[in-house]
Amino acid sequence: MDSTIGIIGAILTLSGSIFIFLGALGLVRMPDLFNRIQAGTKASTLGTFLSLIGLLIITPQWWGKLILLMIFILITNPVSSHILARAAHFIGVPLADKTVTDKYKEEEKTFSIKDEIKNDTHD
Amino acid sequence: MINLLIAIVIGILILIMAIVAIHNKNLVVGIIAAGAVSLFASILYLLLAAPDVAMTEAAIGSGLSTIIFFYVLNKIKKQNG
Amino acid sequence: MVKNTFIFVLLVGFVFLFFNLFADFTGNTELNKLAGHYAESGHEEVGAANLVTAVVVTYRGLDTLGEVTILFLSAAIVSFLLKIETSSTDDRKLRTTSEILDTASKILVPVIFIFGIYVFINGHLTPGGGFQGGAIIASGLVLILLAKPLRQISQKLISIVESISGLSFVLLGVAGILFAAGFLDNKILSLGEFGTIFSAGLIPIIYIFVGLKVGAELSSIITNLQENQNEA
Amino acid sequence: MENLSLEIVTLITGIALLLIGIWGLLTQKNLIKMVIGFALFDTGIHIIMVSIGYVKNRTAPILDQAVKTNQAAEKIVDPVPQALVLTAIVIGLGITALMLAFVLKMYQKKKSLEINNFNDLKW
């Protein structure tokens, strides 16, 4: 009984590390910066989640800290990659040749995203 | 034994990053490479059984120090143009 | 050319020096006498499970006071140097920060602050302590400034927190002279049960003050170097 | 290879990092590059100090279920260098910030980051 739980946890942790490896492979293989950010973020978020769930199955007495870690990764990982991609778009990092559409640029044209100082000093 | 191998790999990475940080002409690349040196050094501290030092180095060396460098670089660029 | 030769000679000299210093260093196999004493009787004399904390706060407490003072001094000089020239108002257009970062920072900043407080309250039991907790709190402040670059952080609040915690640190040390064996002795309160949160006498209280002081000093450095801050 | 152990590897890394820091401090002409060299020098010294305090095959100096109090002297590494390095890292950040503030003031005087332009005290 005990060993089965250990094996299930080990399989989950191993599959998590496989996803992280795929993310690292995507960083090398993808054509431009935005695709690389997507590959790195999505694969590594799923991989970290699977690893942490595997740890949760193996050692259930750590559940509090592990669930906090999962929530933290769930918030920080997508937000940071979103900020990186946004900054790269603003300083004009070129897209790959095969790119079909650039939604952000279209939206910037039609709605003219505000480019002025926001007065949010007191809130 | 595996710890020794990890330490050798991390040590080589630290030295490469340090040479990049000194030798690269672009200041932004240099600052980020110096932050990476601190991040790898915190892994070395963890291998050397010093978790307190590893926490401090990860929070200060690679977080706050890099941010301070970028703030100063930003101020200099703003005065320039 | 002369200069390059000089630098090369200096580097070779350093290599020679370090080679002589560490040529027969083969790694330790046992602790030296001082560390052996700390390891054997640290839990009876101080009561902290984390021996690094015991060394930082009690055995070498005076050094910690000096180092916190040095940090205060460097923060004060930074704010002195940058105070005079911040009159030029800057008309450069800033892009609005993205909504996602704004919302996420509202969720994350309290969590980061609570984590920093957890780190320095549990400094005598787990890895961590005042210095790490202060750095984590300052990182939370960096996240606030990234989400709203124009937000003014109150310098007055930072300086009040810094002064009160520094003063309390010194007063607790003096109380050690009056009520216990010496400066910064932690036996004013009872040592408690080893390994629980209310143990190790005065160490958690001192580390809370050290954490607040370090956090306030690092925050002051960051807000002074950040671009759009006006001095109050 | 047989006498190559963990603390020797980290000691060599620290010394090499320190030498790279000194080299950068002496050869670079840009003020910010000199500050980066000083930060590397700092990190090198910290790595050297922690690796001198390491004892073979022992764990971190924290007493818990794994390290009982009566056998602590045989199981933990030296806590004193770790405590010194802990504070030295924080001081290092303060010194770096101080040097960067000076760099900023010097840039405001001469509008240049080149060290050769600051020759007011040269004779």
Does C:Lys213 qualify as a cation-pi partner of C:Phe169, given the criterion of NZ or CZ under 6.0 Å from the six-membered ring centre and within 45 degrees of its axis? no
Name the option with the most non-hydrogen atom pairs under 4.5 Å to chain C; the candidates are D:Val80, D:Ile22, D:Leu93, D:Ile48. D:Ile22
When rounded to the nearest 0.5 Å, the distance separating CG of D:Leu17 from OG1 of D:Thr10 is 12.0 Å
Could you look at C:Asn32 and say if it's the side chain, the backbone, both or neither that has a heavy atom under 4.5 Å from chain D? side chain
Part of C:Leu73 lying under 4.5 Å from any heavy atom of chain D: neither
Which bit of C:Ile221 comes within less than 4.5 Å of chain D, counting heavy atoms only: side chain, backbone, both or neither? side chain
Between D:Leu18 and chain C, which part of the residue has a heavy atom less than 4.5 Å away: side chain, backbone, both or neither? side chain
Chain C contact via D:Ile15 - side chain, backbone, both or neither, heavy atoms under 4.5 Å: side chain
Please determine, among C:Ile70, C:Ile7, C:Val68, the option with the most heavy-atom pairs under 4.5 Å with chain D. C:Ile7
D:Leu100, part contacting chain C, at a heavy-atom distance under 4.5 Å: neither
Please state whether the rings of C:Tyr38 and C:Tyr59 are parallel, tilted or perpendicular, taking 30° and 60° as the class boundaries. parallel
Quick one: closest heavy-atom pair of C:Ile137 and C:Phe113, and the distance? O-CE2, 3.4 Å
Donor-acceptor side-chain pairing of C:Gln155 and C:Thr223 below 3.5 angstrom: yes
Where on C:Gln132 is there a heavy atom nearer than 4.5 Å to chain D: the side chain, the backbone, both, or neither? side chain
Answer yes or no: is there a donor N or O on one side and an acceptor on the other, between the side chain of D:Asp42 and the main chain of D:Gly92, under 3.5 Å? no
Pair D:Asp120 + D:Lys110: basic N to acidic O under 4.0 Å: yes
